[in-house]
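Here is the structure we will look at, set down as structure tokens.
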2 protein chains.
Amino acid sequence: MFNNKNIDDIIQIFKENNLKLTLQRVNIYSYLRSTCEHPTVDTIYKNIKKIIPTISLATVYKTLNTLVDYGLIKMINVCEENFRYDANIDLHGHIKCTNCNKVEDLYLDTNLINSLSIENYDVQNFDLFLYGTCKSCSRELTTV
Amino acid sequence: MFNNKNIDDIIQIFKENNLKLTLQRVNIYSYLRSTCEHPTVDTIYKNIKKIIPTISLATVYKTLNTLVDYGLIKMINVCEENFRYDANIDLHGHIKCTNCNKVEDLYLDTNLINSLSIENYDVQNFDLFLYGTCKSCSRELTTV
DNA sequence: TTCCGTGCAAACAATTTGCAGAATT
DNA sequence: AATTCTGCAAATTGTTTGCACGGAA
């Protein structure tokens, strides 16, 4: 089920943060680290339920909030009702295909990031979300 | 109460979009056009209530959704539970002071906007939110 | 043994919906 | 006169909370 390297990393990270190692937490965090789909709470819940059928939605919420508080994951909102979660905490943006709704990571070059600094503000963080149509959707849309 | 130029513009815009001219709508849209505070639904509701005490929250929601659907206003989410609304639909970003929570408009130079185009995607829109501390808050925070 | 996390159910908050009456065209 | 909007209340959805029990340290 688990890749050992990955699980060792997670144990290490939890210990550093004085977070108790529970099956629920490890699975949620591990799942988030393994996916690049930027899942919503609902998707996370459904996936973890396959492994831990007794898990409750409240636990998923509590765990996600804890992981956000400890800076281990990030919440993103790409023009949607719901938030999505991302275990990739490197400075990066996101691009959403407005047709198929997938959200991909977007690495920005350092110059661009630097040029985001603004007069009058001490900028600590940013969210950059691009919206458009991905290649396969464009193809599909023009063919029809 | 109303600036005539402004109200004339709004009447014109509503007519172009076949939107019925109602007191509620005109006031909500006019209020959004007059403010640069990026208010939440609740703030909008409270402010419009001063002018139309009988207005209901449901009407505020319905009106905002209509205006969004017609592309007259935009919803933004700057890492908050609630959405904020902006009647400025020019391509621009936002910067939020994480201390006083104010949200300001951020005009980006064209080069920067152009450099946001991405391989594999036909980019149509973007959200850029910067987070940091504004000058007056920085001063306040270092003085204490 | 202490403390924290989990799971349940209830509570809460934000938003949407259905519908009758009112206002706009 | 036809259509659309408003305002109320109820419904829905997403999220949080309180608490007793269970598991991790």
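Ring geometry for B/Phe129 versus A/Phe129: interplanar angle over 60°, hence perpendicular rather than tilted (30 to 60°). Aromatic ring orientation, B/Tyr107 versus B/His92: parallel (interplanar angle below 30°, classes split at 30° and 60°).
B/Ser30 places no side-chain N or O within donor-acceptor distance of the main-chain N or O of B/Asn27, the cut-off being under 3.5 Å. Side-chain atoms of B/Asn6 do not come within 3.5 Å of backbone N or O of B/Asp9 as any donor-acceptor pair.
Atom CG of A/Asn27 is separated from atom C1' of C/dG5 by 15 Å (rounded to the nearest Å). Distance B/Lys46 NZ to C/dA14 C1': 14 Å, rounded to the nearest Å. Per the geometry, CZ belonging to A/Phe83 stands 11 Å off P belonging to C/dT15, to the nearest Å. As rounded to whole Å, 14 Å separates atom C1' of D/dG7 from atom CZ of B/Arg25. Atom CD1 in B/Ile52 sits roughly 13 Å away from atom P in D/dC8 (whole-Å rounding). Summarising the geometry, the separation between CD1 on B/Ile48 and P on D/dG7 is reported as 12 Å, rounded to the nearest angstrom. When the C1' atom of D/dC8 is taken as reference, atom CD1 of B/Ile55 falls 13 Å away, rounded to whole Å.
Linking Ile, Leu, Val, Met, Phe, Trp and Tyr residues whenever their side-chain heavy atoms come within less than 4.5 Å places B/Leu23 and B/Leu72 in a single cluster.
Heavy atoms only, all atoms of each residue included: B/Asn101 and B/Arg84 are closest at O-NH2, 3.1 Å. Summarising the geometry of A/Leu108 relative to A/Gly93, their closest heavy-atom pair is CD1-N, 4.2 Å, with the distance given to 0.1 Å. Residues B/Asp86 and B/His94 come closest through the heavy atom pair OD2-NE2, 2.9 Å.
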Contact letters for nucleotides 20-25 of chain D, in which S counts primed atoms plus P, OP1 and OP2 and B counts the base, heavy atoms under 4.0 Å:
---BBS
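Taking five base pairs at each end of the helix from C/dT1-D/dA25 to C/dT25-D/dA1 and finding the rotation axis that steps the C1' atoms of four pairs onto the next four gives two axes whose angle is 40°, to the nearest 10°.
Summarising the local packing, NZ of A/Lys49 is surrounded by more than 12 heavy atoms from other residues, nucleotides or ligands at distances under 6.0 Å.
Side-chain contact check for A/Asn47 and A/Tyr31: at least one donor-acceptor pair (N or O, by modelled atom type) lies under 3.5 Å.
Proximity of B/Gln24 to the phosphate of C/dA23: no side-chain N or O atom is located under 4.0 Å from OP1 or OP2.
Of all the residues in residues 56-82 of chain A, A/Ser56, A/Ala58, A/Thr59, A/Lys62, A/Thr63 reach under 4.0 Å from DNA chain C with at least one non-hydrogen atom.
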Applying side chain to side chain donor-acceptor pair (under 3.5 Å) to B/Thr63 and B/Thr66, what does each step give before you reach the verdict?
CA-CA 5 Å; B/Thr63 302; B/Thr66 305; 5.9 Å; no
